[in-house]
Colleague: 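Below are the structure tokens for one structure; questions will follow.
Only this structure's heavy atoms are used, side chains among them; waters, hydrogens and symmetry mates stay out. Quick note on labels: first sequence line is chain A, next is B, and so on, each numbered from 1.
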Amino acid sequence: MTRALERLNTDQQQAVTTAAAQALVLAGAGSGKTRVLVHRIAWCLEQGLAAPTGILAVTFTNKAAAEMRGRIEALLNRPLGGMWVGTFHGIAHRLLRAHWREARLSEQFQIIDADDQQKMLRRVIRGLDLDEEQWQAKEAQWFISARKDEGLRPDKLHDGDDPGMKTMIHIYRSYQEACERASLVDFGELLLRAYELWRDTPGLLRHYRERFFHVLVDEFQDTNALQYSWLRLLVGESANFFAVGDDDQSIYSWRGAQVENMQRFRRDYPQHALIRLEQNYRSTGTILDAANALISNNTARLGKKLWTNGQRGEAIKLYAAYNDIDEARYCVDRIRLWHDDGDRFAESAILYRTSAQSRVMEDALRQAEMPYRVHGGFKFYERAEVKDALAYLRLMHNRQDDPAFERIINTPTRGIGNRTVDEIRNTARLERLSLWEAAVRLIAARELGARAAGMLGSFLRLIDLAAEQLQGLALDSMLDTVIEHSGLVEHYRKEKGDRGLDRIDNLAELVSAARDFVPDENTEELPLVAAFLSHAALEAGEGQGSEFDDCVQLMTLHAAKGLEFTNVLIVGVEEGLFPHSRSISDPNQLEEERRLCYVGVTRARQRLVMSFAESRRLHGSDYYPQPSRFLREFPSELIEEIRVGGAPTVQAVRETEANGLRLGQRVLHRTFGEGIVLHLEGRGAHTRVQVNFPGGVKWLVAAYAALEAM
DNA sequence: AGGTCGGATCTTTTT
DNA sequence: GATCCGACCT
């Protein structure tokens with residue numbers, strides 16, 4: 001009996017055994033999507049359709065890649081044996097390392113994270129003598145990343161006689177030149193280079209096409225234009241392409257993901273098999289009915305309806321809180337009851353739309369002395385002190401690494417001031433040199449004051465000398481040496497409060513991370529230092545440990561995708577917050593918010609609680625939001641409303657609507673013209689409406705404004 | 001060179 | 001309300 005088909009339902013078996021070269025699996029939440037992918041691989045191997053070396057499996061997150069790797073090995077009961085399993089970025093990185101010459105990269109190239117990228121852009125913008133108010137690094141970063149995700153280089157862009165666009169393109173070009181000079185590659189660049197590598201090197205493409213005849217992609221709905229082109233290039237017309245995804249869980253369009261890739265796949269591969277996995281093994285019937293009803297309000301879906309053989313389960317609880325603090329208290333009470341009934345804390349998750357909402361929850365949890373863990377937020381390798389120490393290592397590894405140079409030139413402070421650094425920057429820009437080279441030249445040319453030259457010289461010597469001492473050391477001793485020579489520990493010791501001590505602890509943690517570091521199969525060919533630096537950039541690492549402790553789980557709805565919990569509480573289900581005010585006026589963004597809600601609802605196995613507050617403190621002032629429109633999209637028989645104070649019920653909101661006003665509705669005003677309703681506040685004669693008119697956003701009292709519905 | 005103060009900003013953030 | 005940034009002061 002084949003292991004590949006063990007414990008699969010008929011739809012899953014159909015997907016796993018499909019004879020079609022290209023298959024698109026529409027896998028609903030909780031329908032066993034990763035399972036199907038893993039079993040598909042086992043099937044191909046068992047049937048002799050592929051050798052391990054012929055398989056490439058791609059996902060988005062390191063976590064998902066690690067899980068996939070583990071599950072494949074467990075199912076096959078042996079190591080991967082030459083299979084490539086990784087994230088898009090990890091695989092792209094592996095290709096670029098293997099073919100750095102063809103990719104026109106330096107052998108020493110390093111990866112910069114979003115933070116370094118932004119700093120670099122700030123420098124570029126300054127160097128171009130542009131007004132930093134008008135040309136913000138953040139916006140330029142967004143622009144450049146978006147263009148790279150579309151596969152566009154500066155010379156492929158047209159300014160359309162728009163001076164703003166012209167400048168943006170100019171910034172893009174200058175930034176790219178700066179990266180090349182410093183041998184640096186940002187996240188988008190990894191993908192774009194890897195794509196161009198294949199596109200422009202036919203021999204290489206042929207090699208990989210012959211090798212990877214089986215390409216499998218998880219979370220296909222999250223691919224961007226470039227990732228799709230890259231896959232398409234590899235697969236060509238005839239290779240096996242197994243894509244698993246769920247259009248209803250597409251929640252990353254704001255960072256370039258294109259659900260349209262699912263339709264594109266269907267057009268590009270007319271012979272494909274389309275398989276739906278609709279049987280859900282996770283949630284109760286009640287939860288699935290709610291999820292189905294909610295998502296049916298979206299248009300342009302590929303269509304899918306989840307069902308289960310399981311139990312109906314409890315009604316969904318909807319708590320109308322007096323305010324955000326009351327909401328948090330309710331959540332804590334609720335979790336306490338579940339815990340008393342025997343659920344572990346870790347089986348309960350609190351999900352929210354924005355990270356800012358975690359604070360009130362944390363306060364309540366701490367007060368109740370309930371253990372909790374906040375997911376997301378600061379990652380280990382993103383901490384300033386860790387990046388400082390790594391910057392030393394990076395600069396010793398590659399003197400052209402400008403962001404590393406900038407980061408540590410005066411950290412810890414060593415008497416090299418802004419004037420000197422500016423001088424170096426200018427020289428670097430004018431002479432097209434790296435900062436390091438510019439510094440060397442300035443000293444040689446005696447163009448600096450004696451004091452500055454002395455300080456700078458000793459900094460350069462410090463790096464050179466330490467770099468020499470590192471030769472032949474083990475990775476953790478290297479970091480130990482670097483940390484010692486840099487004087488970082490002394491530097492942080494001076495910082496007041498416990499913060500400095502935390503930082504020193506983290507440096508020690510970095511050394512032990514280096515000691516325990518084992519490259520995965522995507523980086524094992526590299527020198528250990530390079531592998532470690534790449535690892536630090538590509539895998540920022542979770543924040544604080546405690547992963548195995550029994551804690552209540554707190555995270556944003558985005559971060560919850562792919563996870564499941566016995567008990568889920570979705571809080572702040574209010575207009576303006578969820579859906580977020582920034583998404584309300586755009587129908588596409590609104591649908592994405594609804595998908596986000598769908599993702600949240602389908603995380604729950606047994607029990608789902610949603611809540612909204614009558615008033616909420618946000619950005620330091622009080623808001624009086626309406627319950628979210630999403631709440632009205634759930635069939636009322638599935639919901640049990642819980643009300644303590646005088647909070648408005650969803651029923652009351654339905655009455656307000658009966659007055660003819662609805663959120664998102666087009667209305668006509670005698671003097672302001674046509675607009676869209678953004679907010680509703682209060683009830684009956686006191687109803688106030690916020691409307692987005694062409695002339696700006698206005699608050700009106702509904703009773704007087706005589707708005708006409710359109 | 002480093003500290004302090006005022007002002008602007010405040011969605012989500014796989015890599 | 002918190003944080004991040006830049007300008008200004010010491």
Side-chain angles (χ1 to χ4, degrees), chain A residues 58-66 86-93 111-115 117-119 122 126 132-133 136-138 141-142 145 148-149 185-191 194 218-219 221-224 226-227 249-257 351-357 359-360 375-379 381-382 384 410-421 451-452 455 491 494-496 534-542 555-563 572 576-584 589 592-593 595-597 599-600 617-622:
Chain A
V58 204
T59 60
F60 281 84
T61 66
N62 292 302
K63 205 170 153 190
T87 63
F88 278 99
H89 292 84
I91 302 279
H93 175 244
I111 304 165
I112 50 169
D113 65 13
D115 194 50
Q117 187 185 22
Q118 199 172 317
K119 286 190 173 141
R122 196 172 307 143
R126 249 179 232 170
E132 283 179 80
E133 288 280 293
Q136 292 189 4
K138 219 171 144 187
Q141 181 187 27
W142 184 85
S145 301
K148 287 189 177 180
D149 285 349
V185 168
D186 61 45
F187 289 142
E189 187 73 16
L190 279 172
L191 300 177
D218 199 5
E219 304 279 15
Q221 77 282 350
D222 286 340
T223 50
N224 65 32
L226 183 57
Q227 287 158 337
Q249 291 189 67
S250 159
I251 55 173
Y252 283 109
S253 77
W254 52 276
R255 45 184 311 163
L351 311 181
Y352 36 79
R353 177 64 238 270
T354 67
S355 331
Q357 289 166 260
R359 266 197 60 119
V360 184
H375 292 248
F378 252 110
K379 305 283 174 67
Y381 289 111
E382 287 170 357
N410 201 30
T411 308
T413 44
R414 52 171 66 86
I416 302 174
N418 245 329
R419 291 198 46 156
T420 312
V421 179
R451 202 181 119 88
M455 300 285 196
H491 176 64
K494 278 184 236 147
E495 208 171 358
K496 53 180 176 264
S534 301
H535 165 83
L538 283 174
E539 195 163 345
E542 267 294 332
M555 67 193 85
T556 63
L557 285 143
H558 282 90
K561 198 176 75 158
L563 305 177
L577 194 57
F578 193 25
H580 197 274
S581 53
R582 292 223 173 173
S583 303
I584 274 175
Q589 287 189 47
E592 182 146 317
E593 296 275 326
R595 290 194 291 273
L596 191 55
C597 190
V599 166
R617 256 186 118 65
L618 257 177
H619 315 316
S621 51
D622 286 320

Colleague: What is the distance, rounded to the nearest whole Å, between atom CZ of A/Arg353 and atom C1' of B/dC10?
Modeller: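 Checked: the CZ to C1' distance equals 13 Å.
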Colleague: Name the closest nucleotide to the A/His558 side chain, picking from B/dT11, B/dT12, C/dG1.
Modeller: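 The closest nucleotide is B/dT12.
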Colleague: Nucleotide by nucleotide, 5' to 3', does protein get under 4.0 Å of the base (B), only the sugar-phosphate (S), or neither (-) in nucleotides 2-10 of chain C, counting heavy atoms?
Modeller: S---S----
Colleague: Mind calculating the distance between NZ (A/Lys138) and C1' (B/dA8) to the nearest angstrom?
Modeller: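 Value for this atom pair: 12 Å.
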Colleague: CH2 of A/Trp142 versus P of B/dT11: gap in Å, rounded?
Modeller: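 These atoms are roughly 15 Å apart.
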Colleague: Can you measure A/Ile251 atom CD1 to B/dT12 atom C1' for me and round it to whole angstrom units?
Modeller: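 Going from A/Ile251 (CD1) to B/dT12 (C1'), I get 8 Å.
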Colleague: Measure the distance from CD on A/Glu539 to P on B/dT15 and round it to the nearest whole Å.
Modeller: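 Whole-Å distance recorded here is 7 Å.
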Colleague: Taking the side chain as every heavy atom from C-beta outward, state whether A/Thr223 and A/Phe60 have any atom pair closer than 4.5 Å.
Modeller: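 Result yes, sub-4.5 Å side-chain heavy-atom pair found.
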Colleague: Can you measure from OG1 (A/Thr354) to CZ (A/Phe578) and round to the nearest 0.5 angstrom?
Modeller: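 A/Thr354 atom OG1 to A/Phe578 atom CZ measures 11.0 Å (nearest 0.5 Å).
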Colleague: Check the distance between B/dT15's C1' and A/Lys561's NZ and give it to me in whole angstrom.
Modeller: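 It works out to 14 Å between those atoms.
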Colleague: Choosing from B/dT11, B/dT12, B/dT15, which nucleotide comes nearest the side chain of A/Thr556?
Modeller: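 Among the listed nucleotides, the one closest to the side chain of A/Thr556 is B/dT12.
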Colleague: Is the shortest side-chain N/O distance from A/Arg582 to OP1 or OP2 of B/dT11 below 4.0 Å?
Modeller: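 For A/Arg582, the contact criterion (side-chain N or O under 4.0 Å from OP1 or OP2 of B/dT11) is met.
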Colleague: Nearest heavy-atom pair of A/Leu557 and A/Gly600: which atoms, and what distance?
Modeller: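 Scanning both residues, the minimum pair turns out to be CD2-CA, 3.6 Å.
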Colleague: Taking only the P atom of each, what is the distance from C/dC4 to B/dT13 in whole angstrom?
Modeller: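 The answer is 16 Å between these two P atoms.
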Colleague: Would you call A/Gln357 and A/Leu618 a side-chain contact if the rule is heavy atoms closer than 4.5 Å?
Modeller: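 No, too far: nothing below the 4.5 Å cut-off.
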Colleague: For the atom pair CG (A/Leu190) and CZ (A/Phe88), what is the distance rounded to the nearest 0.5 Å?
Modeller: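 Answer for the CG-CZ pair, A/Leu190 versus A/Phe88, is 13.0 Å.
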Colleague: Remember a base hit wins even if backbone is also touched, and classify A/Glu593 as base, sugar-phosphate or nothing at under 4.0 Å, heavy atoms.
Modeller: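 If one applies the 4.0 Å heavy-atom cut-off, A/Glu593 turns out to touch a base.
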Colleague: Both A/His89 and A/Ser355 contact DNA chain B. Which one's nearest nucleotide lies toward the 5' end?
Modeller: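 Of the two residues, A/Ser355 wins.
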Colleague: In whole angstroms, how far is the C1' atom of B/dT15 from the NZ atom of A/Lys148?
Modeller: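 Roughly 13 Å, once rounded to whole Å.
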Colleague: Taking the nucleotide of DNA chain B with the closest heavy atom to each, which residue, A/Ala537 or A/His580, is nearer the 5' end?
Modeller: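 Going by which nucleotide is closer to the 5' end, it is A/His580.
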Colleague: Please report the distance, rounded to the nearest Å, between NE2 in A/His93 and C1' in B/dT15.
Modeller: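 Those two atoms, NE2 and C1', are 12 Å apart.
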Colleague: At under 4.0 Å, does any side-chain N or O of A/Asn410 touch on OP1 or OP2 of B/dG2?
Modeller: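 Answer yes for this pair, as a side-chain N or O of A/Asn410 is under 4.0 Å from OP1 or OP2.
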Colleague: Does B/dT11 fall in syn (glycosidic angle within 90° of 0) or anti?
Modeller: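 With its glycosidic angle within 90° of zero, B/dT11 counts as syn.
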Colleague: As an exercise, state the distance from CG of A/Leu226 to CG of A/Leu191, rounded to the nearest 0.5 Å.
Modeller: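 Answer for the CG-CG pair, A/Leu226 versus A/Leu191, is 5.5 Å.
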Colleague: Using the side-chain heavy atoms of A/Thr61, tell me which of these nucleotides is nearest: B/dT11, B/dT13, B/dT15.
Modeller: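 For A/Thr61, the side-chain atoms sit closest to B/dT15.
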Colleague: If we ignore angles and hydrogens, is there a donor and acceptor under 3.5 Å between the side chains of A/Ser534 and A/His93?
Modeller: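 Yes, A/His93 and A/Ser534 have a side-chain donor paired with an acceptor closer than 3.5 Å.
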Colleague: Output the single nucleotide from B/dT15, B/dT11, B/dT13 whose closest atom is nearest the side chain of A/Tyr252.
Modeller: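 It is B/dT13.
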Colleague: Hey, is the main chain of A/Ala114 close enough, under 3.5 Å, to the side chain of A/Gln141 for a donor-acceptor pair?
Modeller: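 Judged by distance alone, yes, a pair lies under 3.5 Å.
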Colleague: Looking only at side-chain N and O atoms, does A/Asn62 come under 4.0 Å of OP1 or OP2 in B/dT14?
Modeller: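 Looking at the OP1 and OP2 atoms of B/dT14, neither is under 4.0 Å from any side-chain N or O of A/Asn62.
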Colleague: NA contact type, A/Ile416, heavy-atom cut-off 4.0 Å: base, sugar-phosphate, or nothing?
Modeller: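 The answer is sugar-phosphate, as A/Ile416 gets under 4.0 Å only of primed atoms, P, OP1 or OP2.
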